[in-house]
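Worksheet for the structure shown next.
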Amino acid sequence: MASLVSSQFTLPNSKPDQLHSLAQRHLFLHSFLPKKASCNGSSKSSLRVKCAAIGNGLFTQTTPEVRRIVPENDQNLPTVKIVYVVLEAQYQSSLTAAVVALNSNRKHASFEVVGYLVEELRDKSTYKTFCKDLEDANIFIGSLIFVEELALKIKAAVEKERERLDAVLVFPSMPEVMRLNKLGSFNMSQLGQSKSPFFQLFKRKKPQSAGFADSMLKLVRTLPKVLKYLPSDKAQDARLYILSLQFWLGGSPDNLQNFLKMISGSYIPALKGTKIEYSEPVLYLDSGIWHPLAPCMYDDVKEYLNWYGTRRDANEKLKSPNAPIIGLVLQRSHIVTGDDGHYVAVIMELEARGAKVIPIFAGGLDFSGPVEKFFIDPITKKPFVNSVVSLTGFALVGGPARQDHPRAVEALSRLDVPYIVALPLVFQTTEEWLNSTLGLHPIQVALQVALPELDGGMEPIVFAGRDPKTGKSHALHKRVEQLCIRAIRWAELKRKSKAEKKLAITVFSFPPDKGNVGTAAYLNVFSSIYSVMKELKRDGYNVDGLPETPEALIEDVLHDKEAQFSSPNLNIAYKMSVREYQNLTPYATALEENWGKPPGNLNADGENLLVYGKQYGNVFIGVQPTFGYEGDPMRLLFSKSASPHHGFAAYYSFVEKIFKADAVLHFGTHGSLEFMPGKQVGMSDVCYPDSLIGNIPNVYYYAANNPSEATIAKRRSYANTISYLTPPAENAGLYKGLKQLSELISSYQSLKDTGRGAQIVSSIISTAKQCNLDKDVTLPDEGEELPPKERDLVVGKVYSKIMEIESRLLPCGLHVIGEPPSALEAVATLVNIAALDRPEEGISSLPAILADTVGRNIEDVYRGSDKGILKDVVLLRQITEASRGAITAFVERTTNNKGQVVDVADKLSSILGFGINEPWIQYLSDTKFYRADREKLRTLFEFMGECLKLVVADNELGSLKQALEGKYVEPGPGGDPIRNPKVLPTGKNIHALDPQAIPTTAAMQSAKIVVDRLIERQKAENGGKYPETIALVLWGTDNIKTYGESLAQVMWMIGVTPVADTFGRVNRVEPVSLEELGRPRIDVVVNCSGVFRDLFINQMNLLDRAVKMVAEFNEPAEQNYVRKHALEQAQSLGIEVREAATRIFSNASGSYSSNINLAVENSSWNDEKQLQDMYLSRKSFAFDCDAPGAGMTEKRKVFEMALSTADATFQNLDSSEISLTDVSHYFDSDPTNLVQNLRKDGKKPSAYIADTTTANAQVRTLAETVRLDARTKLLNPKWYEGMLSTGYEGVREIEKRLTNTVGWSATSGQVDNWVYEEANTTFIQDEQMLNKLMNTNPNSFRKLVQTFLEANGRGYWETSEENIEKLRQLYSEVEDKIEGIDR
């Protein structure tokens, strides 16, 4: 208990029950913190801390001075100076105590010591002091140094002094730093070369690769005994190194005191001949169970539980056999160094709330063994615990070094309980974290949030802070309370019966309109909810009164679709009085600043707050309120961020405290809870997402292809995100005039050499013009005489365009949870999976294998086809058709007559058994590709077989049931199933990737191709001039799917290349010489989405460092546009070149999007200038690598000046499901018209879109892409019929595409008139279609009509007067219908 008392954050006499009452008072965190001292002559010590907090703009602002001890040497003893560098501060108090004790008994020597935290060395002046300290040091100690850029700084400083130093001791760190070790004749200089024994421990592919630390521990235990009997000095030195490691891992002040005596007596020249006595290390268990009140550490669960049962201090609740049992995972170093106050607080809080605790620890970096040993009953194989909380913050296996996620997942799957990973602050003091808008330090996010997510860890709650003076951890009581209650709530799910569990299903309505209730990307929400509820009912949950059909369910929730607008149009589930709301919602007053006094006018009737939804037994379906300021242009413009409104808060108070949900299920991608203001990661109790979700376990169905926003939901709303499939993709196909064209072209091919050739070409040209293809292909006049070669070229170009439209992938219809695609629906997906080379797995793509057969290289065929060379266009067509045919043949063989995949494994082995009968060989034997390479095909089809199994597997309902039963949901990557089939099967707990692993080498290769094509195209269209600046957007999801391609594009534009460290993490860049680049360095203006900023802050830092480095190169201005512009801007703004070279922008921390999308969706904007102001005011926050801790700071002038030099704007499309008009994000981030207004010459920049959705990457203009999109989606019968077949939701999807098209008109002006004209013909002129839309979802249809009228009114669509008249009439008709006038 002593440590609990000495921590300055608790009451000295805190017994568990008092602690609990303290935690119950609604005190915000700040009331626990030392009061800030004002900087005007208060006491010196507080003054210093205060000023340091503003300090150097870095995250870590503590200084090494708090770790410096200079002895008063009045007896002329030799002085031993020790300099140490550690990752975390838990050694500080222990080491300080050891040195103070040594100095107080004044024998042999006096000790001077100074310590640095790795992160402090980012600061230039601190690093200088560090180098200076090393100049007269005797001993250097380093431990856990795993951050590359800092490791290299340490290496450089220590190397200079290594010869002179008496001893250099480095404990587990990166190989570069480990090589510095020197103890007499012992060193590790060979580490990292294959013959060194230590390197064997670092090898990557070890079967149990938690390797390094564990093998090291085994060595540590056995070696000293062996080495003692070897005579040579070398062996003795090695023995002392291993003993040192034992002392260090033992960590207590006594161990460290003996360690210093041993090293000083053996290696300090001034003490040669003095015999300094030291005792052997006191060894603690390497892993075991520790409880602050227990008499000892236990190595056996049964013994520990026996002790637990006899505790005198335990209350009755704890002794009950029904008490939940929580497993805790602790770091051994905190226990042995006595820095365990934060662990004690968590244990006490859990026990005070009636939960038993089994706290285990391990000394190495692999916890998977101890987890299985202490948490699972060896006899029954059932877990002893109901949920597990890791308080270490690290990945389960491998800590900060090299992780082994498969091994962790295996251990956690055996355990099968919810796994929470909470965080102690490592690189920040409590005050630094509280003051930071970003929240956690980016390095800590990478190590302790992103990596545990790959193990399936969730709920990154910061439960402990750090004291700036002593370096000790202390509990943050409000956070500890939140963590413990949530851990117990997850444990309860394991123990409650299904019949008594309550579930709140939450749907979204965005933009707010009755036609939009139940919005989610690619998901048929109500049918999915219906199938979930049917399954739950079958499984024993109480789902009383469930209607017969999904349609009836919609009716129930929407109340009465035809209800009058003046009456509340959704079903009201609960009316909450203002008083009740204020009692249940402790943070209600904080919302008044933005929304005035409750109830306000959103989700309210003037007296009460209204909760919309409908209850069926123990399942409540509720509608999440919206952001609240969508319809208010001024709010959109000025709100850097805003709080949720009272109705929003009331909804979550109802779910948690009145309905008393055991869990909430957020249904589909995505709501607004996780985008509410607050810290980005590692929230405090005043961050809105944290307050809103409260203590409810949160399960969230999320689209598998959107890992970036899913990650935000995980981190900011503590969600267990379960992936669902996007609907199966199909080829867009051809229709109407396009189909006619395709027929004309095939007759041209057979008749071109007869007299009819010229006549057919003439028809092709006129049909192509009717289809508006003349915008995409330069067509000659209809009557013009053409020589045969040119005729071929015209036909080739038109044909190539048509093929592009035909083969475009479309997700057809909407997905229903629990209905996996049939095998035939999966064919198009498989064809696309087969079209990519996978060199790392030794798989060639099907098109490449087929092209080889006819002696061609597939890349050349792609190039030729793009240029319109007829024979290449034809060959590519044949390759495409043969690929589809071969894969269809293969799929048909593995399915039964119902089209379901039967036992794939058996069928496959039988297929792969016979050489000649392989279905793909049979199919190809009738084509010109009959000689294709059999071996390559077999390898490819074995892989396709695996993929087919994954595509049709169904685990979405299964995983949801596991989560609701308090089991472990297996983690899996999110992303594009075509690029990365590991995304399948869905129903996994989605995670992103290790943010430090991108960009990969492969991504860099792809990026070069795209950038070179982009520059080529821009030069061709601008008289051979290079673009000086390109303005581009970085998206979170794209970079996860492509492993950092767009990030790599920025690097290649400015001419730098990423360099990976030993662990494959990218933390620095190197310049590419101008000779190698072969062109000028191109300036960039990078607009990062809010999501990218949250996930990849390390990469923003890397880019900013790269741009500033390039701006400082001494190169001629016409070869380095970055430097050219930075110099001009520095001069005109009167700032330094480094600041003028700021190019990495995003939103303010905790805010997302430019809000242009909200304005467009709600038609709440006056003119384009207003939209551009929104963009500038919300997107002009810069990241600064020289002050990364400052977060995002507004630099609007620099932003405007940089944009004003842009010659081109650029975005990437990375997967077939999401294109330009599918979501509003793309136009929301498009600055094309804005740049035109900012440019001095008023010239419109070229706008390009890179499309890497297929193996043949394209760079198109924005206008071409918008046309392609319109032709394949909005105007394509296959697409809109597919949507309409899903009913209510389908109408909304059609309306959304049109609204997003207007968005593009507004931000870029790149939408052709005919797109609107054709859409009007398709949806409005066709009476049958018109009635279908109006009857299925009148609200969305009204919005569709309104959008047509708006496009015309804003000047984006010119059309006949009668078209407009018809639309006006329709509008009033549908208004009447909605208000129920013509019954």
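Quick note: numbers below take in every heavy atom, side chains included, and nothing from hydrogens, waters or symmetry partners.
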If you apply the rule side-chain contact (heavy atoms from CB on, under 4.5 Å), what do you find for Phe1092 with Val1033, and how did you get there? CA-CA 10 Å; Phe1092 182 90; Val1033 184; over 6 Å; no

Verdict with supporting geometry, Arg1143 and Asp1083, salt bridge (Lys or Arg N to Asp or Glu O under 4.0 Å): CA-CA 9 Å; Arg1143 296 289 184 270; Asp1083 196 1; 3.0 Å; yes

CA sep, side-chain torsions, deciding dist, call: Arg122, Leu150, side-chain contact (heavy atoms from CB on, under 4.5 Å): CA-CA 7 Å; Arg122 277 186 203 277; Leu150 301 172; 3.7 Å; yes

Going through the distances and angles, do Gln1211 and Asp1230 end up as a side chain to side chain donor-acceptor pair (under 3.5 Å)? CA-CA 8 Å; Gln1211 296 202 45; Asp1230 168 61; 4.6 Å; no

Can Glu135 and Lys160 be said to form a salt bridge (Lys or Arg N to Asp or Glu O under 4.0 Å), step by step? CA-CA 9 Å; Glu135 286 169 16; Lys160 268 211 231 62; over 6 Å; no

Output, in order, the C-alpha distance, side-chain angles, deciding distance and verdict of side chain to side chain donor-acceptor pair (under 3.5 Å) for Asn1212 and Glu1045. CA-CA 9 Å; Asn1212 283 286; Glu1045 268 176 37; over 6 Å; no

Working note: Lys1008 + Asp1012, criterion salt bridge (Lys or Arg N to Asp or Glu O under 4.0 Å); need CA distance, chi angles, decisive distance, verdict. CA-CA 6 Å; Lys1008 287 179 180 174; Asp1012 294 345; over 6 Å; no

Could you check Thr1221 against Asn1300 for side chain to side chain donor-acceptor pair (under 3.5 Å), going step by step and ending with a plain yes or no? CA-CA 5 Å; Thr1221 56; Asn1300 290 341; over 6 Å; no

Do Thr1142 and Phe1199 pass the side-chain contact (heavy atoms from CB on, under 4.5 Å) test, and can you show the C-alpha distance, the side-chain angles, and the key distance before you say yes or no? CA-CA 8 Å; Thr1142 299; Phe1199 186 47; over 6 Å; no

Between Leu1014 and Ile1030, does a side-chain contact (heavy atoms from CB on, under 4.5 Å) hold up when you go through it step by step? CA-CA 10 Å; Leu1014 170 70; Ile1030 295 176; 3.7 Å; yes

CA sep, side-chain torsions, deciding dist, call: Ser1046, Asn1039, side chain to side chain donor-acceptor pair (under 3.5 Å): CA-CA 6 Å; Ser1046 40; Asn1039 279 293; 3.1 Å; yes

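Between Lys679 and Trp433, some side-chain heavy-atom pair lies under the 4.5 Å cut-off. Between Arg1105 and Asn1101 the shortest side-chain heavy-atom distance falls below 4.5 Å. Looking at Phe1183 and Met1100, their side chains come closer than 4.5 Å, going by heavy atoms from C-beta outward. Using a 4.5 Å heavy-atom threshold, the side chains of Asp133 and Tyr116 count as touching. Side-chain contact between Gln1172 and Thr1307 is absent, with no heavy-atom pair separated by less than 4.5 Å. Two residues are said to be in side-chain contact when any heavy atoms from C-beta on lie closer than 4.5 Å; Pro1245 and Asp1207 fail this criterion. Taking the side chain as every heavy atom from C-beta outward, Thr1029 and Ile1082 never approach each other to under 4.5 Å. Side-chain contact between Asn1120 and Phe1113 is present, with heavy atoms from C-beta onward closer than 4.5 Å.
A salt bridge does not link Glu1168 to Arg1354: none of the charged side-chain nitrogens sits closer than 4.0 Å to a carboxylate oxygen. A salt bridge between Lys1243 and Asp1241 is absent, with no side-chain N of the basic residue lying under 4.0 Å from a carboxylate O of the acidic one. By the 4.0 Å N-to-carboxylate-O rule, Asp1312 lies close enough to Arg1267 to be salt-bridged with it. Between Arg1196 and Glu1200 there is a salt bridge, since at least one side-chain N of the basic residue sits less than 4.0 Å from a carboxylate O of the acidic one. A salt bridge links Arg1017 to Glu1021: at least one charged side-chain nitrogen sits closer than 4.0 Å to a carboxylate oxygen. Ionic pairing of Asp1104 and Lys1108 is present here: one or more N-O contacts between side-chain nitrogen and carboxylate oxygen are shorter than 4.0 angstrom.
Interatomic distance, Leu1176 CG to Lys1169 NZ, rounded to the nearest 0.5 Å: 8.0 Å. Interatomic distance, CD1 of Ile154 versus CE of Met174, reported as 10.5 Å (0.5 Å rounding). For the atom pair CG (Asp1184) and OG1 (Thr1193), the distance works out to 6.5 Å, reported to the nearest 0.5 Å. Summarising the geometry, atom CD1 belonging to Ile1156 is positioned 9.5 Å from atom NZ belonging to Lys1179; distances are rounded to the nearest 0.5 Å. With rounding to the nearest 0.5 angstrom, the CD1 atom of Ile1144 is 9.5 Å from the CG atom of Leu1102.
Heavy-atom minimum distance, Phe1096 versus Ile998: CE2-CD1, 3.6 Å. Residue Ala1206 comes nearest to Val1235 through the heavy atom pair O-CG1, 3.7 Å, listed as atom of the first residue, atom of the second, then distance. Val1091 and Phe675 get closest at one heavy-atom pair: CG2-CE2, 4.3 Å. The shortest non-hydrogen separation linking Ala1111 to Val1137 is O-CG1, 4.2 Å. In this structure, Val681 and Val449 approach most closely via the heavy-atom pair CG1-CG2, 4.1 Å. Taking each heavy atom of Pro1058 and Pro999 in turn, the nearest pair found is CG-CG, 3.8 Å.
Not a single donor-acceptor pair under 3.5 Å links the side chain of Ser436 to the backbone N or O of Glu432. For the pair Glu1139 (side chain) and Glu1136 (backbone), a donor-acceptor distance under 3.5 Å is absent. The closest donor-acceptor contact from the side chain of Lys1244 to the backbone of Thr1232 lies at 3.5 Å or more, if one exists at all. The main-chain N or O of Leu1213 is found under 3.5 Å from a side-chain atom of Thr1252 such that the two form a donor-acceptor pair.
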For residues 1066-1076, run the donor-acceptor check on the side chains, cut-off 3.5 Å, and write out each pair with its distance to 0.1 Å, sequence neighbours left out.
{"residue": "Asn1067", "atom": "ND2", "partner": "Gln996", "partner atom": "OE1", "Å": "3.1"}
{"residue": "Arg1068", "atom": "NE", "partner": "Glu148", "partner atom": "OE2", "Å": "3.3"}
{"residue": "Ser1073", "atom": "OG", "partner": "Glu1076", "partner atom": "N", "Å": "3.2"}

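Remark: Lys1041 fails to qualify as a cation-pi partner of Trp1035 under the 6.0 Å distance and 45° angle criteria applied to the six-membered ring. Tyr1026 carries Lys1019 over the face of its six-membered ring, with the cationic atom under 6.0 Å from the centre and within 45° of the normal.
Taking the six-membered ring where the residue is Trp, Tyr1121 and His1125 present parallel rings, their angle staying beneath 30° rather than reaching 60°.
Atom NZ of Lys1025 has 12 or fewer neighbouring heavy atoms from other residues, nucleotides or ligands inside a 6.0 Å radius. In this structure, Lys775 places its NZ atom where more than 12 heavy-atom neighbours from other residues, nucleotides or ligands lie under 6.0 Å away.
Tyr127 meets the ring pair (Phe, Tyr, Trp, His ring centres under 6.0 Å) test with no other residue; sequence neighbours excluded.
No hydrogens or angles considered: a donor-acceptor pair under 3.5 Å links the side chains of Gln680 and Asp1094.
A salt bridge (Lys or Arg N to Asp or Glu O under 4.0 Å) check over residues 1116-1131, counting only residues at least two apart or in different chains, returns the pairs Glu1028-Lys1124.
Taking the six-membered ring for Trp and the full ring otherwise, the centers of Phe1210 and Tyr1248 sit at least 6.0 Å from each other.
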